[in-house]
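Both counts, for ligands and for their atoms, begin at 1 and track the order of listing.
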Amino acid sequence: MGTTGQFGWRHLCNSILSLLLASTAVATTSPIVDNGKVAILNGISYYVGGVPISKLEGVSENEFDAAVIPGIDIVPLTIIRTSETAFTKEILESTVSNYSALDDVFQDGFLNAIYVSYDGPGKGTLDVHSANGTFQAGINKLLLASPNVYSWNGPIVKASLRRNIPKGPYFVSAKTGDIYKAFRLYKDHQLAFTEAALSDEKGGFIPLPAVTEGAMTKSVAVPSRLYYMPTKEKPLAGLRLGVKDIFDLKGLRTSGGNRAYYDLYPDRNATGPALQRLIDMGAVIVGKMGTVQFANGDNPTADWVDFHCPFNPRGDGYQAPGGSSSGPAVGVASYDWLDVAVGSDTGGSMREPSGKQGIFGNRPSVGAVPLDNVIPLTPVLDTAGVFARAAETWSKVVFAWYQDFKSNYTYPRKLFYPSASFPPADTNAGYLLEDLVVKIEKFLGAKRTHVDVNSQWNKTHAAGTPGTLTELLNTTYAILTSVDQYRLLAEPFYVDYAAEHNGRRPFINPGPLVRWAWGQENGGAAAYDVAVKNKTIFKNWWESENGYGTTNEETCSEGIYIYPYSTGETKYRNVYFDGPTAPPMGFKDGRIASMAGTPDLVVPVGEVPYNSTISLKTEYLPVTMSFVVARNCDLMLARLIRELGEAGILKSVSTGPMMYP
Ligand SMILES: *[C@@H]1O[C@H](CO)[C@@H](O)[C@H](O)[C@H]1NC(C)=O
Ligand SMILES: *[C@@H]1O[C@H](CO)[C@@H](O)[C@H](O)[C@H]1NC(C)=O
Ligand SMILES: *[C@@H]1O[C@H](CO)[C@@H](O)[C@H](O)[C@H]1NC(C)=O
Ligand SMILES: *[C@@H]1O[C@H](CO)[C@@H](O)[C@H](O)[C@H]1NC(C)=O
Ligand SMILES: *[C@@H]1O[C@H](CO)[C@@H](O)[C@H](O)[C@H]1NC(C)=O
Ligand SMILES: *[C@@H]1O[C@H](CO)[C@@H](O)[C@H](O)[C@H]1NC(C)=O
Ligand SMILES: *[C@@H]1O[C@H](CO)[C@@H](O)[C@H](O)[C@H]1NC(C)=O
Ligand SMILES: *[C@@H]1O[C@H](CO)[C@@H](O)[C@H](O)[C@H]1NC(C)=O
């Protein structure tokens with residue numbers, strides 16, 4: 001059997017025969033609930049969702065018989081929407097080839113049944129037979145058309161959709177005509193996700209009730225890209241988004257990277273406003289992603305006791321991913337099927353994983369988005385940022401998300417360059433960074449100003465404040481985070497857990513446990529007030545004429561403070577670290593944005609070689625640089641970054657071992 005057409009019979013039969021259906025129905029309560037199915041079509045796994053989104057009417061079960069194999073109720077279906085008055089074989093071929101190019105969910109197996117919906121004025125004609133008939137013979141067993149297609153050639157069944165749905169691949173029940181979205185199942189082989197999610201089609205989410213094979217791996221379901229078309233109101237339509245598992249999503253539990261916490265609290269009854277804004281803009285949430293426990297700072301080997309640390313794909317694959325937004329960064333650096341991911345940053349939790357994975361990732365101005373329904377570290381410093389592989393994608397999300405800022409500025413003409421922070425220009429990383437700095441100077445028409453924040457403070461600090469920044473800020477971050485998280489999270493968690501578990505304490509990873517205790521032993525609430533005061537002293541200085549965070553009417557930010565974020569150093573997962581003893585102390589470039597509440601964005605710059613002790617080969621690790629601008633200048637920065645991308649100065653990175661293979 002088999003014709004030699006573009007879509008041969010052999011191919012078609014294989015696709016039908018491999019439509020293996022495994023019921024994943026879970027009987028939680030009586031009666032049994034249909035929780036969807038896993039279908040394998042030409043070797044690719046799909047989730048056939050439990051929530052139908054429309055219905056094909058006018059097709060009898062008999063008519064579906066042509067396309068369904070006996071005993072299996074599901075038919076793969078492609079919906080084509082056209083306003084071509086005369087829909088021909090050539091147009092059909094072109095449509096199918098465009099679908100394949102644009103979408104990773106669509107494949108020829110969905111041509112088993114085709115529904116052509118004519119959306120143009122008046123009546124259309126449908127003639128997909130060629131003189132030699134190859135297309136018709138090859139594509140499908142069932143061709144359906146909307147009623148306003150008045151003439152056709154060959155065996156076409158007139159049908160209609162109860163509810164209009166977008167073009168693309170679907171599954172349809174032959175028994176009921178119910179139409180289900182097609183979700184391709186991908187393996188989370190880097191352990192970036194904590195729980196995969198599906199829309200409940202009612203504004204909430206359900207845990208994805210499907211798995212495929214793979215050691216320790218989950219499956220993540222992504223819908224067809226063909227369903228979505230960005231508009232002015234929904235600029236993020238179809239953008240696949242993963243979310244750090246400290247943000248609540250309605251219908252799912254929140255783990256915070258802690259098993260007891262996940263088990264104790266029920267499904268969340270609300271999605272926080274920050275995520276809701278992204279959903280309203282069209283983003284498609286595909287799951288919750290790994291976090292260092294309660295967004296603190298664990299090393300992979302010893303400290304990630306409760307959950308396994310996600311795997312950084314760069315280099316030999318056994319380098320620490322950084323934290324605390326480890327899962328979101330790993331996912332974006334690993335999977336082409338994931339577009340962006342959201343995490344949080346208090347003291348570097350977006351920036352550090354951006355540096356380790358070599359991707360775009362930011363902390364915004366404090367207050368850029370509301371953080372209700374998010375596990376707090378400290379409301380004084382907490383922010384929510386986004387990871388992306390491309391400057392354009394990153395700035396698109398930032399523009400949609402941080403709505404309270406203006407973007408209409410000219411660019412700053414000052415580039416603040418802390419010379420002591422940069423590696424020598426004759427090192428691999430130093431060379432890459434210097435090359436970028438020179439290009440940015442050219443783009444802005446500015447020459448760098450050499451600065452040293454520590455000595456500037458020493459020269460200009462206010463009377464009555466300490467002579468060094470370290471003296472002022474050594475413990476400020478440690479106190480704010482440890483005291484606030486103990487008060488806001490640990491205490492109520494302990495009480496709730498004890499009530500449910502006969503007075504027991506829940507397990508807490510060593511990192512957060514040590515930090516909470518340190519905060520209580522080092523002044524608690526009293527020290528907290530001093531910390532807020534010290535933070536404010538620094539912020540005011542940074543924004544004064546003596547600091548580097550001054551605002552400017554025309555350029556929003558007087559200047560841009562740049563510093564290297566990562567320079568390709570190794571941090572192997574299999575190296576044992578000393579146990580944690582205290583929260584992070586001291587002052588460094590990365591503390592500036594946290595203490596002054598300003599944006600800080602890490603961008604990929606390049607990669608440098610190292611000799612891996614794991615693979616025994618030369619591998620490459622990311623070099624990245626940070627941009628700090630004045631508070632509330634996030635959108636000026638987003639526009640600049642988009643234009644640096646358009647100018648080829650900032651380049652998109654690939655997924656996998658190398659950023660620029
Ligand atoms: C397929 O894509 C090409 C290139 O964008 C476009 O010119 C063509 O019209 C598309 N075909 C159909 C049927 O939409
Ligand atoms: C027959 O089909 C082939 C493949 O689609 C096409 O290239 C050819 O032009 C067709 N011949 C006629 C006469 O339509
Ligand atoms: C959600 O649950 C909280 C308590 O956990 C309750 O205070 C709140 O009113 C609930 N919100 C909704 C929308 O049900
Ligand atoms: C941006 O600002 C300039 C002058 O500062 C003004 O001419 C222009 O109309 C503004 N554009 C928008 C879109 O607001
Ligand atoms: C600068 O710092 C040094 C200590 O490093 C201190 O002795 C000196 O008093 C400081 N200068 C001012 C003006 O505070
Ligand atoms: C910072 O504070 C810690 C904890 O109090 C202390 O051990 C350390 O010596 C301090 N570092 C500096 C440079 O003052
Ligand atoms: C605040 O600053 C003072 C110096 O003015 C310093 O002694 C103290 O340790 C700082 N405390 C915190 C919590 O930042
Ligand atoms: C890797 O090892 C080789 C052989 O010891 C050495 O020549 C080379 O410089 C090393 N490369 C790096 C990037 O360290």
Side-chain angles (χ1 to χ4, degrees), residues 6 78-103 106 111 114 116-120 124-128 135 139 166-168 225-226 229 314-316 319 347 423 426-432 453-454 457-458 465-483 514-524 526-528 530-531 534-535 538 567-570 572 578 580-588 591 595 606-623 657-658:
Q6 190 182 351
T78 297
I79 291 185
I80 293 172
R81 308 200 71 113
T82 181
S83 44
E84 297 281 356
T85 322
F87 192 84
T88 61
K89 168 182 168 285
E90 286 68 31
I91 294 174
L92 179 52
E93 279 173 342
S94 162
T95 302
V96 166
S97 112
N98 287 2
Y99 284 7
S100 298
L102 293 171
D103 185 25
F106 178 80
L111 298 171
I114 298 175
V116 179
S117 173
Y118 174 63
D119 299 339
T125 62
L126 180 57
D127 183 359
V128 296
F135 203 99
I139 48 164
K167 66 178 184 287
R225 293 192 185 279
L226 298 171
M229 177 72 77
R314 305 304 189 193
D316 51 38
Q319 300 299 317
D426 63 357
T427 58
N428 285 326
Y431 173 82
L432 291 169
V453 174
N454 286 299
W457 168 268
N458 191 267
T465 58
T468 67
L469 277 174
T470 307
E471 205 184 327
L472 179 74
L473 297 176
N474 181 36
T475 58
T476 312
Y477 176 83
I479 289 288
L480 289 175
T481 52
S482 62
V483 173
V514 157
R515 290 181 179 206
W516 296 343
W518 184 92
Q520 296 310 299
E521 288 156 11
N522 285 272
Y528 183 87
V530 179
N534 289 5
K535 178 215 167 304
F538 176 79
T567 52
E569 0 17 49
T570 55
Y572 287 97
D578 290 337
T581 55
M585 308 285 164
F587 178 79
K588 54 181 181 172
R591 277 285 171 269
M595 291 298 148
E607 50 200 338
V608 294
Y610 71 103
N611 288 332
S612 168
T613 63
I614 308 282
S615 68
L616 308 182
K617 295 271 190 197
T618 302
E619 309 283 1
Y620 292 83
L621 286 177
V623 175
M658 289 188 72

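Atom 12 (C) of ligand 1 has its nearest heavy-atom neighbour, among A101, S97, S94, in S94.
Distance from atom 1 (C) of ligand 8 to its nearest protein heavy atom, with residue and atom name: N611 ND2, 1.4 Å. Given atom 6 (C) of ligand 1, the protein heavy atom at minimum distance is N98 ND2, 4.2 Å. Protein heavy atom nearest atom 2 (O) of ligand 6, with residue, atom name and distance: N474 ND2, 2.2 Å. T95 OG1, 3.2 Å is the protein heavy atom nearest to atom 13 (C) of ligand 1.
Across every non-hydrogen atom of R225 and L102, the tightest pair is CD-O, 3.7 Å. When all heavy atoms of Y572 and N611 are compared, the closest pair comes out as OH-O, 3.7 Å.
When distances from atom 4 (C) of ligand 1 to the protein are checked, no heavy atom turns up under 4.0 Å. Closer than 4.0 Å to atom 9 (O) of ligand 1 lies none of the heavy atoms of the protein.
Distances below 4.0 Å separate heavy atoms of T475 from the following atoms of ligand 6: 2 (O). Remark: ligand 6 atoms within the under-4.0 Å shell around heavy atoms of T470 are 13 (C). Of all atoms in ligand 8, numbered sequentially from 1 with element shown, those under 4.0 Å from a heavy atom of P609 are 13 (C).
At distances below 3.5 Å, not a single donor-acceptor pair connects side-chain atoms of K167 with backbone N or O atoms of I80. Judged by distance alone, the side chain of Y610 and the main-chain N or O of G315 form no donor-acceptor pair under 3.5 Å.
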Would F106 and L111 count as a side chain to side chain contact (heavy atoms under 4.5 Å, CB included) here? Give the steps. CA-CA 9 Å; F106 178 80; L111 298 171; 4.0 Å; yes
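No more than 12 heavy atoms of other residues, nucleotides or ligands sit less than 6.0 Å from atom OH of Y431. Atom CE of M585 has more than 12 heavy atoms from other residues, nucleotides or ligands within 6.0 Å.
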